[in-house]
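Convention: sequence-line order gives letters A, B, ...; per-chain numbering from 1.
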There are 2 protein chains.
Amino acid sequence: MLALCAIGIDLFVPRKTPQRDAIHQALAKAGRPLSPQEVLDLASKTTPTLGLATVYRTLGMLEEAGQVAPVDLPGEARRYELQAAADTHHHHFQCDDCGNVYDVEGCPGGIHDILPKGFSLRDHEIILYGKCAACRS
Amino acid sequence: MLALCAIGIDLFVPRKTPQRDAIHQALAKAGRPLSPQEVLDLASKTTPTLGLATVYRTLGMLEEAGQVAPVDLPGEARRYELQAAADTHHHHFQCDDCGNVYDVEGCPGGIHDILPKGFSLRDHEIILYGKCAACRS
DNA sequence: CTAGTTGCAAAGCATTTGCCTGTGG
DNA sequence: CCACAGGCAAATGCTTTGCAACTAG
């Protein structure tokens with residue numbers, strides 16, 4: 001089986017580099033979805049040479065590899081979170097003050113009840129807005 | 001009272017122009033949220049000289065005037081719908097096939113139940129994904 | 001070695017702005 | 001008349017891409 005797979009297959013071998021480590025760890029340490037710029041800011045602390053283009057490329061690569069998941073909010077630039085956080089069905093909360101985005105566990109039922117007649121439902125997204133615990137103090 | 005208001009007040013007098021008519025009617029005729037480019041495409045049929053910059057400026061103006069409401073979906077460019085459609089609390093559905101966005105009336109309850117502890121809730125947004133009636137046929 | 005990576009700069013795109021001409025009232 | 005509007009082109013701001021230098025394995 002190994003021999004068969006080796007014939008004519010151009011296999012992709014991602015390398016372990018300090019930049020990728022820094023990006024992955026920035027997401028892990030934050031524990032919430034981050035924009036590419038936020039990732040750069042955090043990761044630059046440990047890897048000052050890091051460039052924004054590398055962050056974009058790496059996030060795209062990690063996304064395809066299934067290690068990070070994109071988080072799109074209305075009117076906001078794309079953020080990313082670790083796939084581990086995205087494994088369970090969840091939604092998001094954005095703070096009116098600091099703009100940070102947080103994961104929200106659980107899901108209210110009854111989504112299907114509001115579906116227009118003749119339409120079919122595949123998925124849904126819920127975004128909450130208000131003040132996060134930190135900004136309420 | 002009129003006299004008082006006239007002193008030193010630089011009052012804004014929006015004009016009735018064919019461009020604004022065309023933009024407003026495009027939204028009315030579509031009956032669903034449109035992107036600026038979609039508005040241009042539709043409105044250009046009756047007003048060929050219309051430019052994209054004018055569409056952007058006019059939509060922004062109509063928004064401030066409360067005549068149209070912005071519709072932001074995750075990862076999508078901003079769309080606009082007539083304020084009449086936005087007056088009642090509603091959500092949105094985006095078709096997987098045609099990408100069109102439709103208004104969805106009603107709202108499932110229980111949103112507050114999933115709010116993280118220490119957070120306060122001001123508003124929420126729900127987006128449904130699937131196939132619209134037209135694309136299911 | 002050498003294919004995969006990176007940083008920088010340039011390219012793309014959607015949206016916004018500046019400026020001068022056109023026009024509704 | 002003339003302040004408001006519109007059209008065009010230049011300017012933004014964010015994201016992607018091209019390319020030559022660099023490095024993990």
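Contact check for A:L128 versus A:Q94: no side-chain heavy atoms found under the 4.5 Å cut-off. Contact of the B:S120 side chain with the A:R136 side chain is registered, since non-hydrogen atoms from C-beta on lie closer than 4.5 Å. Contact annotation: the side chain of B:N100 never approaches that of B:C132 to less than 4.5 Å [non-hydrogen atoms, C-beta and beyond]. Using a 4.5 Å cut-off on side-chain heavy atoms (C-beta onward), B:L59 and B:P36 make contact.
The CG atom of B:L62 sits 17 Å away from the P atom of D:dC4 (whole-angstrom rounding). Between the C1' atom of C:dG4 and the CZ atom of A:F12 lies a distance of 8 Å, rounded to the nearest Å. Remark: P of D:dG6 and CG of B:D21 are 10 Å apart, rounded to the nearest angstrom. Remark: C1' of C:dA14 and CG of B:L59 are 14 Å apart, rounded to the nearest angstrom. Computed from coordinates, the A:R78 CZ to C:dA14 P distance equals 16 Å when rounded to whole Å. Regarding A:R20, its CZ atom lies at a distance of 10 Å from the P atom of D:dG25, rounded to whole Å. B:Q37 has its CD atom 14 Å from the P atom of C:dT16, to the nearest Å. Atom CD in B:E64 sits about 12 Å away from atom P in C:dT16, given to the nearest Å.
Comparing atom distances between the B:T58 side chain and each of D:dA5, D:dG6, C:dT6 picks out D:dG6 as nearest.
For B:Q19 and D:dG7, the shortest distance from a side-chain N or O to OP1 or OP2 is below 4.0 Å. Between A:T49 and C:dG7 there is a side-chain N or O to OP1 or OP2 distance below 4.0 Å.
Under the 30°/60° scheme for interplanar angles, the aromatic rings of A:H91 and A:H124 are found to be tilted.
Annotation: side chain to side chain contact (heavy atoms under 4.5 Å, CB included) contacts of B:D97 (sequence neighbours excluded): B:C95, B:K131, B:C135.
Using modelled atom types, one side-chain atom of A:H90 and one backbone atom of A:T88 make a donor-acceptor pair closer than 3.5 Å.
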How does protein reach along nucleotides 17-25 of chain C, written 5' to 3' as B (base within reach of a heavy atom under 4.0 Å), S (only sugar-phosphate), or - (no contact)?
BB---BBBS
